[in-house]
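When a residue number appears, it is its place in the shown sequence, counting from 1.
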Amino acid sequence: MRDKNGTGKSRVLTRRELADCCLRFPGAYEDYPFDDDPLSPDAWTVMRHRENRKSFALIFERGGFLNINLKCDPAEADFLRGVYRSVTPAYHMNKEHWIGVRLDGGVPEAELFAWVERSFRLTLAQKKRKS
């Protein structure tokens with residue numbers, strides 16, 4: 001989505017919009033394991049799977065911007081960091097398997113939503129195989 005000035009920058013999403021995007025997946029829920037006040041700007045929103053409690057997205061503010069950490073295939077993570085200035089190794093996470101996305105308008109909304117879905121799928125509970 002382009003802004004009114006046609007600069008090519010995407011609309012910057014809010015924390016609530018990001019969380020709502022994550023909640024559209026079956027069994028996803030919102031958690032605040034590090035904060036007493038989820039409305040605090042310093043709060044970390046952790047989006048998890050109900051089945052295995054694994055996190056698939058972490059939403060937080062850092063450096064004056066909203067950020068989201070997402071699980072990612074290592075080769076794709078490396079590629080995305082080379083293409084988008086707003087994509088970096090994830091803050092406080094495994095740098096090979098997680099990307100950090102700074103929400104500064106540098107990543108198209110549709111791309112970001114696709115990355116959230118991939119992160120959700122990568123962290124699903126593994127089906128146990130019968131021996």
Side-chain angles (χ1 to χ4, degrees):
M1 180 183 300
R2 292 189 180 268
D3 68 4
K4 292 178 186 173
N5 299 325
T7 62
K9 288 211 169 205
S10 296
R11 178 176 70 89
V12 177
L13 298 169
T14 65
R15 179 188 297 263
R16 182 74 260 147
E17 288 171 323
L18 275 176
D20 287 346
C21 167
C22 295
L23 289 171
R24 67 189 172 131
F25 299 106
Y29 72 98
E30 197 170 336
D31 191 13
Y32 293 87
F34 313 118
D35 301 287
D36 292 331
D37 180 10
L39 299 177
S40 164
D42 296 329
W44 280 61
T45 306
V46 179
M47 305 307 298
R48 299 182 185 271
H49 293 274
R50 192 160 307 283
E51 185 177 329
N52 63 9
R53 294 195 35 85
K54 283 188 178 181
S55 58
F56 66 93
L58 293 92
I59 305 166
F60 59 98
E61 287 189 32
R62 183 166 187 251
F65 291 98
L66 194 60
N67 292 266
I68 185 168
N69 287 344
L70 300 166
K71 183 103 185 222
C72 193
D73 173 74
E76 183 181 16
D78 190 47
F79 173 77
L80 294 175
R81 287 190 286 260
V83 172
Y84 294 100
R85 175 185 51 79
S86 301
V87 177
T88 60
Y91 182 65
H92 275 307
M93 303 297 280
N94 178 306
K95 308 299 186 221
E96 183 180 0
H97 296 278
W98 288 79
I99 58 171
V101 183
R102 184 179 60 240
L103 295 158
D104 60 3
V107 174
E109 196 173 299
E111 286 288 312
L112 179 63
F113 288 170
W115 301 344
V116 170
E117 182 174 359
R118 278 198 286 279
S119 182
F120 177 83
R121 294 191 187 290
L122 285 169
T123 53
L124 282 170
Q126 300 295 315
K127 302 287 185 207
K128 295 198 180 208
R129 294 183 188 177
K130 292 184 180 179
S131 302

Give a yes or no on whether F25 and L122 share a hydrophobic cluster (residues Ile, Leu, Val, Met, Phe, Trp, Tyr; joining criterion: side-chain heavy atoms under 4.5 Å apart). no
Least distance between heavy atoms, A28 atom then C22 atom: CB-O, 3.4 Å
Would you say E76 and I99 make side-chain contact, with heavy atoms under 4.5 Å? no
With a 4.5 Å cut-off on side-chain heavy atoms, are E30 and M47 touching? yes
Before you tell me yes or no, could you show the steps for W115 and L80 under side chain to side chain contact (heavy atoms under 4.5 Å, CB included), namely the whole-Å CA-CA distance, both residues' side-chain angles and the distance that decides it to 0.1 Å? CA-CA 10 Å; W115 301 344; L80 294 175; 3.5 Å; yes
Determine whether a donor-acceptor pair (N or O, by modelled atom type, separation under 3.5 Å) exists between the side chain of N52 and the backbone of T123. yes
Considering only NZ, NE, NH1 and NH2 on the basic side and carboxylate oxygens on the acidic side, decide whether R24 and D20 come within less than 4.0 Å. no
For a quick test of reading the model, state the closest non-hydrogen atom pair linking D104 to S86 and the distance between them. OD1-OG, 2.6 Å
So, D35 side chain and D37 main chain: donor-acceptor pair closer than 3.5 Å or not? no
Indicate yes or no: at least one non-hydrogen side-chain atom of K71 is less than 4.5 angstrom from one of M93. no
Would you say the side chain of F120 lies within less than 4.5 Å of the side chain of H49, judging by non-hydrogen atoms? yes
Rounded distance (nearest 0.5 Å) linking atom SG of C21 with atom CD1 of I59: 8.5 Å
Using the rule that Ile, Leu, Val, Met, Phe, Trp and Tyr join whenever any side-chain heavy atoms are under 4.5 Å apart, tell me whether V107 and V12 fall into a single cluster. yes
Nearest 0.5 Å, please: how far is NE2 in H97 from CG in N69? 14.5 Å
Answer yes or no: is there a side-chain heavy-atom contact under 4.5 Å between F56 and R118? no
Value for CZ (R81) from OG1 (T88), rounded to nearest 0.5 Å, stands at 8.0 Å
Using side-chain heavy atoms (C-beta onward) and a distance below 4.5 Å, is T14 in contact with L66? no
Within the 4.5 Å heavy-atom criterion, are L18 and L112 side-chain neighbours or not? yes
Measure across A77 and E96 and return the closest heavy-atom pair with its distance rounded to 0.1 Å. CB-O, 4.1 Å
Stepwise, does the side chain to side chain contact (heavy atoms under 4.5 Å, CB included) test hold for F113 with L13? CA-CA 11 Å; F113 288 170; L13 298 169; 3.7 Å; yes
Closest heavy-atom contact between A57 and I68? CB-CD1, 3.9 Å
Is it true that a side-chain atom of R15 and a backbone atom of A43 form a donor plus acceptor pair closer than 3.5 Å? yes
Is there a continuous path of hydrophobic side-chain contacts, each under 4.5 Å between heavy atoms, that joins F34 to Y29? no
More than 12 heavy atoms of other residues, nucleotides or ligands under 6.0 Å from CZ of F79: yes or no? no
With F60, the ring pair (Phe, Tyr, Trp, His ring centres under 6.0 Å) member among Y32, F65, W44: W44
Sub-3.5 Å donor-acceptor pair from the side chain of K95 to the main-chain atoms of A90, do we have one? yes
Okay, side chain of E111, backbone of P108: is any donor-acceptor separation there less than 3.5 Å? no
Does the side chain of L58 reach to within under 4.5 Å of the side chain of Y91, using non-hydrogen atoms? no
Give the minimum heavy-atom separation between L70 and W98, together with the two atoms involved. C-CE3, 3.1 Å
